[in-house]
Amino acid sequence: MSSATEGKTNFIYTLINKDLEEGKNNGEVHTRFPPEPNGYLHIGHAKALLLNYKIALDFNGKFNLRFDDTNPIKEEQMFVDSIIADIRWLGIDWEERLFFSSSSFEAKFAFAERLIKAGRAFVCDLTPEEIREYRGTLTESGKESPYRNRTVAENITLFARMRSGEFQNGARVLRAKIDMSSGNLNMRDPVLYRILHAHHHRTGDTWCIYPMYDFDHPFTDVLEGITHSLCSIEYSDHRPLYDWVVENALELMPEICKYRSQQNEFARLNMTYTVLSKRKLRRLVEEGFVHGWDDPRMPTIAGLRRRGVTPAAIADFQERVGVARADSTVDLALFEHCLREDLGKTALRMMAVLEPLKVVITNWPLGKIELLELENMPDEKTAGTRLVPFGREIYVEAEDFMEEPPKKFHRLTPGQEVRLKGAYVIRCEEIIKDTAGKITELRCTYDPLTKSGEDESGKKVKGVIHWVEIQHSVKATVRLYDSLFSKENPEDEETDDFTANINPNSLITLTNVFVEPAIAQAPAGSRFQFIRKGYFYLEVNDASKGELVFNRTVVLKDTWAKINK
RNA sequence: UGCCGGGUAGUGUAGUGGUAGCACAACGGCCUUUGGAGCCGUACGCCCAGGUUCGAACCCUGGCCCGGCAGCCA
């Protein structure tokens, strides 16, 4: 046991430690992350990815990035690119070990030939429908293919002819000769190769036969020297077949197969208020419920990135979630906690008024602007300070004023003073309304003795609100994101269609937002805490177009909202 | 009802024969120029029933409940 793994206790670390004690694979630990390039990575993939990566780190081993590209019909180079970008962004380093299953198709073909020669594989002419019928059912055993006893020579010839392109898609397959009466369907002479006349994004038209996952994956693991091949629970039933392939690889291809790779399964991630299946995410995109795979409401890595989520928060989340074999659904609140924790110690505090209410401070001299020095992070002095202009006309948050406040409302009311954050204490003297009775402006007075940091008034006000001086403020657009679904579990509940549970308020766009001038100087990609409102990601800052767009990453914890319920 | 896997606070996860812990959430309080952060505290759990044992979350037996599997997908 290495000291690096102390403190981490999960069944995978336990089994790896045991393997190490037993001296398996020369005491090496080598993991991999094997995405299929047919879609975008999401937070569930990040769990698997980081798990594999950290195992390699913790056990002083190696980690490979490998694209499982054995099905040219579904896979595209575009996804290879996006997946690589996402994994890089997460901070994963695969060093020089970027691999593609398709790179070793030739070795796999040779392995298949040896299986044939060993009498352990055969070319089968049954149609797909017939193969299904012959396979039997969950409760009845299958029956052997009439082609099962072809001679080695005939099989070799037919397999070569499959490769050379003589047959149409689906005409023939190569199958393993295992056991048609096995209780495990995967062992009932599984298909190893199928004919697919399709252009592959890497091998082009070199091949018209492609290996199946169950044949390709274990063999590739062995080739790459993977010691621990982690996958999700639904592959448990495939493990005997995985082992069958590994055993045969070791026996029949000893010149290139040295490692006894082993598969172990863990439960995939589920989270409340979202869906994590490629099929469902695809529906959200294709049916226009979101604006694309990288919509900030999507649980995709690309979406989370635009949302303002940090790689550190994702990594922290992955560790806290842990890993086990039991099905589980993690509370979204845990993810949000990880976000706030990371952002809380890295994001500068700034002021922005999302829904402005004009306040005129009647006893402030006309035209006078005072520059106030505010801390960028109150709990972290090294983050420094900035100057914030203050003047006669400011905006405050509309919700921070109430004419007839409920009990415990600590903000601005006709009878109650509040402090403007980093500035002065003000009192509301007059409410201006339009003809409809809507409040359009407040007339307030300030107390000159209450300047922040040099208060001589002795006043103890309960409330502190944020504000922005109008003249120097910068207008911005803010996208308020909330969870995409309004139900903890979007997929059960009474409806049979998860899209019925989409949160109609998952995106609210505010275009009349005013931010303090310092924020407008920041480059796109910056993250801020808007005081009292939440964490925001500056997605676009294009001065030439006057465009300033923020995405809300996560709200602050809100005790008042809770009291109010 | 074939094969495989799984059930520890609300959620997630430790603990593999010796006082059931941790985190998030919840609740109460303190503190606060963010109703943020921080601090202190409270409550809640071994699926059930038998058995073995001085002693069982852990071992045995029998139930119950949940998940996966019949692509030439991965």
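Lettering follows sequence order; numbering is per chain, from 1.
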Aro-ring/base stack A:His410-B:G35, d under 5.5 Å, angle under 30°: yes
Ring centroids of A:Tyr213 and B:A74 base under 5.5 Å with planes under 30°: no
[atom1] atoms of [N] and [M], separation to the nearest Å:
N: B:C47; M: B:C58; atom1: C1'; value: 15 Å
N: B:C46; M: B:A14; atom1: C1'; value: 13 Å
N: B:A9; M: B:A20; atom1: P; value: 15 Å
N: B:G50; M: B:A56; atom1: C1'; value: 13 Å
N: B:G41; M: B:C24; atom1: P; value: 14 Å
N: B:C22; M: B:U61; atom1: P; value: 34 Å

5′-ward residue of the pair A:Ala561/A:Pro211 relative to RNA chain B: A:Ala561
First of A:Asn184 and A:Asp237 reached from the 5' end of RNA chain B, by closest nucleotide: A:Asn184
Provide the Watson-Crick or G-U wobble partner of [N], both distances under 3.5 Å; none if there is no partner.
N: B:G17; value: none
N: B:C59; value: B:G51
N: B:U42; value: B:A26
N: B:G5; value: B:C66
N: B:G36; value: none

Please check this pair: side chain of [X] against backbone of [Y], looking for a donor-acceptor N/O pair closer than 3.5 Å.
X: A:Ser261; Y: A:Ile226; result: yes
X: A:Glu397; Y: A:His466; result: no
X: A:Arg419; Y: A:Lys460; result: no
X: A:His410; Y: A:Val464; result: no
X: A:Asp179; Y: A:Arg188; result: no

Whether [X] contacts [N] is assessed here as follows: a side-chain N or O lying under 4.0 Å from the phosphate OP1 or OP2. Is that the case?
X: A:Ser182; N: B:C3; answer: no
X: A:Lys562; N: B:C27; answer: yes
X: A:Arg411; N: B:G35; answer: no
X: A:Arg320; N: B:U13; answer: no
X: A:Ser328; N: B:U13; answer: yes
X: A:Arg135; N: B:C72; answer: yes

Rounded to whole angstroms, how far apart are [atom1] on [X] and [atom2] on [N]?
X: A:Glu516; N: B:U34; atom1: CD; atom2: C1'; answer: 13 Å
X: A:Ile131; N: B:G71; atom1: CD1; atom2: C1'; answer: 10 Å
X: A:Asn489; N: B:C66; atom1: CG; atom2: P; answer: 15 Å
X: A:His200; N: B:A74; atom1: NE2; atom2: P; answer: 10 Å
X: A:Gln416; N: B:G35; atom1: CD; atom2: P; answer: 12 Å
X: A:Gln263; N: B:A74; atom1: CD; atom2: P; answer: 15 Å
X: A:Glu397; N: B:U34; atom1: CD; atom2: P; answer: 17 Å
X: A:Asp189; N: B:C72; atom1: CG; atom2: C1'; answer: 14 Å

Side chain of [X] (C-beta onward), nearest among [options]:
X: A:Ala324; options: B:A74, B:U13, B:U33; value: B:U13
X: A:Trp560; options: B:G36, B:G35, B:U1; value: B:G35
X: A:Arg194; options: B:G12, B:G6, B:C72; value: B:C72
X: A:His337; options: B:C69, B:C24, B:C73; value: B:C24
X: A:Asn10; options: B:A14, B:A25, B:U34; value: B:A14
X: A:Val191; options: B:C72, B:A74, B:U1; value: B:C72
X: A:Pro378; options: B:U13, B:U34, B:C73; value: B:U34
X: A:Ser452; options: B:G35, B:U33, B:A70; value: B:U33
X: A:Lys557; options: B:G68, B:G71, B:G36; value: B:G36
X: A:Thr559; options: B:C73, B:G35, B:A14; value: B:G35

A:Glu22 and A:Lys18 ion-paired at < 4.0 Å: yes
Short N-O contact, A:Glu319 and A:Lys8, less than 4.0 angstrom: yes
Base orientation of B:G71, syn vs anti, 90° cut from 0: syn
Classify [X] by what it touches in the nucleic acid, base, sugar-phosphate, or nothing, heavy-atom distance under 4.0 Å.
X: A:Val321; answer: sugar-phosphate
X: A:Ile563; answer: base
X: A:Phe335; answer: nothing
X: A:Gln529; answer: base
X: A:Leu126; answer: base
X: A:Thr272; answer: nothing
X: A:Arg239; answer: nothing

Candidate list A:Phe550, A:Phe528, A:Phe530, test ring pair (Phe, Tyr, Trp, His ring centres under 6.0 Å), partner A:Phe536, passing option: A:Phe530
Interatomic spacing from CG in A:Asp125 to OH in A:Tyr147 - rounded to 0.5 Å: 4.5 Å
Other residues, nucleotides, ligands: >12 heavy atoms within 6.0 Å of A:Gln168 CD: no
